[in-house]
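These numbers come from a predicted model, not from an experiment. Lettering of chains follows the sequences in order, A, B, ..., and the numbering in each one begins at 1.
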Number of protein chains: 2
Amino acid sequence: MAELDVNIPLRGRPTISDVARHCGLSKATVSKVLNLPPDQCPIAEPTRAKVLVSVEALGYRPSWQGRALANRRTHMIAVVNADPYGALPRGQYWEIVDQLDDLLSQVGLVPTFIHTYAGNPRAIEMLGDQRFDGCLSLDAQPKDVQDLLRSNNTPTVMINADVDNSWTNLTFDDKAGTTLLMQHLIGLGHKRIAYNAGRRVNLHSSAIVRASTYAQCMRDAGLEPDRPFVGPVSEFIDRAIDGPYKPTAIVDFEHWTAVHTLQHLWRRGLRVPEDMSVTTFNDTYPVALTVPPLTVAALPVKLITERAVQLLTELIENPTREPRTEMMSETLIVRESTAPPKVSNGAGRPG
Amino acid sequence: MAELDVNIPLRGRPTISDVARHCGLSKATVSKVLNLPPDQCPIAEPTRAKVLVSVEALGYRPSWQGRALANRRTHMIAVVNADPYGALPRGQYWEIVDQLDDLLSQVGLVPTFIHTYAGNPRAIEMLGDQRFDGCLSLDAQPKDVQDLLRSNNTPTVMINADVDNSWTNLTFDDKAGTTLLMQHLIGLGHKRIAYNAGRRVNLHSSAIVRASTYAQCMRDAGLEPDRPFVGPVSEFIDRAIDGPYKPTAIVDFEHWTAVHTLQHLWRRGLRVPEDMSVTTFNDTYPVALTVPPLTVAALPVKLITERAVQLLTELIENPTREPRTEMMSETLIVRESTAPPKVSNGAGRPG
DNA sequence: CTGAAAGCGCTTACAG
DNA sequence: CTGAAAGCGCTTACAG
């Protein structure tokens, strides 16, 4: 007999009908006992007890599929990430994901993590098939994903997703964050500060704002910014040490890059912070545990995730709610990777 | 009119009935066109075309909930983690998760990550409600979780989960891995090697095997093992430097601990590897990027995840398949955190 | 080649 | 206080 034969219950498990039959009551009664809080449950106590006995006896557990169909709620939330590098090397993604998991489960929601980068058509498919009660985007999303969420009326909260304000959106104040870092460095006495934009061209507003704010802060302080750099960290460090600009401090776009920076400076024999100050964004593992620990502009992960879950649940309750954009501020955490430049000329030594 | 009123389709979206009505055909026909591969689809080409036009015109996308109920397949896989610290500080969990996501989606499966540590009753609930076609456990699981999976007949593959062989299980050869590390260190000439068991008592077989293999390797080489240590890394380092044993090399139980070790050695003014060699398990971020990069015993993540997905899909196709336990071997990756001990006495300097 | 009907496992007005 | 019936959106023998 075929495995999926129509009359065999799922993996041999009892259904609500089996329970009803077992206790000689109706499915409706069983359903009420199981779903209504005791104080609002119209079922008489002895009847209630009978149901519970049968449930126990059969080891019955309601099928989520049946429930989801009848209720039109799956209690699942898509947490969407578009980064082609996977989740690892990103800004405080890890912490955000962990927090989200916690907070969502407190309100009875389950996150499923979906990667929407190119080459994953199933992601698009899933976002469109009623599987999720809502969506939390941790990234800028491609246009097709945005269109899909929109045409589906999926309650969605975008987190730093670089979208127009027709979406409910949580953004980060990268301008203020970068300024904090720059003021710290300039206050320490640095005159030549280099900015490392990372491995690849990044058109996300965070990338653009951080780079331009860096240059702006330099000019505002009467200093000359370095030429822009995108590429491998080893090249960046070689240029910093051997090139004409001779920075005494570095601002890295992301923690992953900063960790590489520390390693390459070590390879080239420079000490941090004595020979070079290093800073970056996002206070994530292992940024506080490097040698030396890194000074960073940090995201308020707790606030962000709490707010995101709150906005999302509001949107699920009331899908027609006005979209809004809220901005969260970054904070400066000073650690041991920054210090005043050396009193000598302070430049990296050649080769 | 209430949001969940029975005749309002989900979020206003068209159903298969709407499509059928729109093209003047039956639901059965629409369903066939949508689900059967063209070559096995009995529907006449012009009819087919009509259906497709209507689907397009209405923007119809099948409801997964309806499908799941009718098919008894959700195509979702629970990826279960029991670690109370969350996913971050664990052995190559991150890489495993990323790989799993990739591989599962290639076979049309979607992972949902579930934390089963105490205080998360919803996890248990979800594992029991037919939501998942199968389960992948990344950890030792509490007995109630095991019982639930068993009583539910959930096809499950355990990964290093410390279970009896009534389960399909992938284990790691920690004994061989630890031996690799110890032989490397002893071959370098180290006579006093300390083992750091981590922050807390850990009864997982991996922890036990690594600790006992460490001691065994020492004795086999005619060397005296250090006393066992469990606790904060700073204490471990203080003891290593100030205590009587005076190790010249350290084996850390996990990368998180090793990263702390590097930082505390730096704080105490010791150089790695000149004053102290450091090694650990799991080749995960940032272990190759620390200063200096760490020598590790690594897990074959790619093999593990491929095998796990393979075994799981087999189990889903054929739930009565014999359980089996397979062991994967660890490999040694030598980096710059290990070197011969100093020719002098080699002990850490006091205070 | 196409469709009517029953079924998947649940919930929810509604009637009694 | 309890239950019969219809419905959620789909699929699948089966009949024609």
Side-chain angles (χ1 to χ4, degrees), chain A residues 1-21 23-36 38 40-51 55 58 60-75 128-131, chain B residues 1-21 23-36 38 40-51 55 58 60-75 128-131:
Chain A
M1 190 163 282
E3 186 206 352
L4 291 185
D5 219 38
V6 154
N7 285 307
I8 301 179
L10 251 174
R11 293 185 207 142
R13 291 196 27 202
T15 69
I16 198 170
S17 302
D18 295 323
V19 177
R21 203 172 308 123
C23 59
L25 293 159
S26 73
K27 293 191 293 173
T29 301
V30 175
S31 177
K32 281 170 198 148
V33 169
L34 258 22
N35 292 306
L36 270 21
Q40 330 171 2
C41 181
I43 307 299
E45 189 46 42
T47 312
R48 226 186 120 66
K50 274 207 281 188
V51 169
V55 164
L58 298 179
Y60 170 72
R61 255 181 298 264
S63 153
W64 172 69
Q65 296 162 223
R67 270 193 171 158
L69 188 55
N71 287 333
R72 273 101 143 192
R73 285 285 172 97
T74 65
H75 300 284
D129 71 6
Q130 313 280 187
R131 189 182 305 232
Chain B
M1 191 162 279
E3 185 204 354
L4 290 185
D5 220 38
V6 154
N7 285 307
I8 302 180
L10 252 176
R11 292 185 209 142
R13 291 197 25 201
T15 69
I16 198 170
S17 302
D18 296 320
V19 176
R21 201 173 308 121
C23 59
L25 294 159
S26 73
K27 293 192 294 175
T29 301
V30 175
S31 177
K32 281 169 197 148
V33 169
L34 257 23
N35 291 308
L36 269 20
Q40 328 172 4
C41 181
I43 307 299
E45 189 45 44
T47 313
R48 229 186 118 66
K50 275 207 280 190
V51 169
V55 165
L58 297 178
Y60 170 70
R61 255 180 299 264
S63 153
W64 172 69
Q65 296 161 221
R67 271 191 170 159
L69 187 55
N71 286 334
R72 273 102 143 190
R73 285 285 172 98
T74 65
H75 300 284
D129 71 6
Q130 312 280 185
R131 190 182 304 233

Look at [X] and [N] and indicate whether a side-chain polar atom (N or O) is within less than 4.0 Å of OP1 or OP2.
| X | N | value |
| --- | --- | --- |
| N35(B) | dT11(D) | yes |
| S31(B) | dT11(D) | yes |
| S63(A) | dG9(C) | no |
| N71(B) | dT12(D) | yes |
| T29(A) | dG3(D) | yes |
| T15(B) | dG9(D) | no |
| R67(A) | dG9(C) | no |

(request) Pick base, sugar-phosphate or nothing for A28(B), based on heavy-atom distances below 4.0 Å to the nucleic acid. (result)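 Touches a base.
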What is the distance, rounded to the nearest whole Å, between atom [atom1] of [X] and atom [atom2] of [N]?
| X | N | atom1 | atom2 | value |
| --- | --- | --- | --- | --- |
| K27(A) | dG7(D) | NZ | C1' | 11 Å |
| Q65(A) | dT11(C) | CD | P | 13 Å |
| L34(B) | dT11(D) | CG | P | 7 Å |
| L69(A) | dA6(D) | CG | C1' | 13 Å |
| K32(A) | dA15(C) | NZ | P | 14 Å |
| R131(B) | dG9(C) | CZ | P | 17 Å |
| K50(A) | dC1(D) | NZ | P | 15 Å |
| I43(B) | dT11(D) | CD1 | C1' | 13 Å |

Using a 3.5 Å distance criterion without hydrogens, assess whether the side chain of D129(B) forms a donor-acceptor pair with backbone atoms of R131(B).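 Present.
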For Q130(B), run the side chain to side chain donor-acceptor pair (under 3.5 Å) check against R61(A), R13(A), Q65(A) and tell me which one passes.
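The option that passes is R13(A).
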Gap separating the [atom1] atom of [X] from the [atom2] atom of [Y], nearest 0.5 angstrom:
| X | Y | atom1 | atom2 | result |
| --- | --- | --- | --- | --- |
| R48(A) | C23(A) | CZ | SG | 12.5 Å |
| K50(A) | T29(A) | NZ | OG1 | 10.0 Å |
| L69(A) | W64(A) | CG | CH2 | 11.0 Å |
| K32(A) | L36(A) | NZ | CG | 8.0 Å |
| I16(B) | L34(B) | CD1 | CG | 6.5 Å |

| Nearest-nucleotide 5' precedence on DNA chain C, R48(B) against A70(B) |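 Closer to the 5' end of DNA chain C: R48(B).
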> L36(A) or T47(B): which one's nearest nucleotide on DNA chain C is closer to the 5' end?
Replying inline: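 That would be T47(B).
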Secondary structure of DNA chain D per the Watson-Crick/G-U criterion (both distances under 3.5 Å; [ ] crossing, | other strand, . unpaired) is |||.||||||||.|||
(Q) If I compare all heavy atoms of S63(B) with all of G66(B), which pair ends up nearest, and what's the gap? (A)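 Here S63(B) and G66(B) meet closest at OG-N, 3.2 Å.
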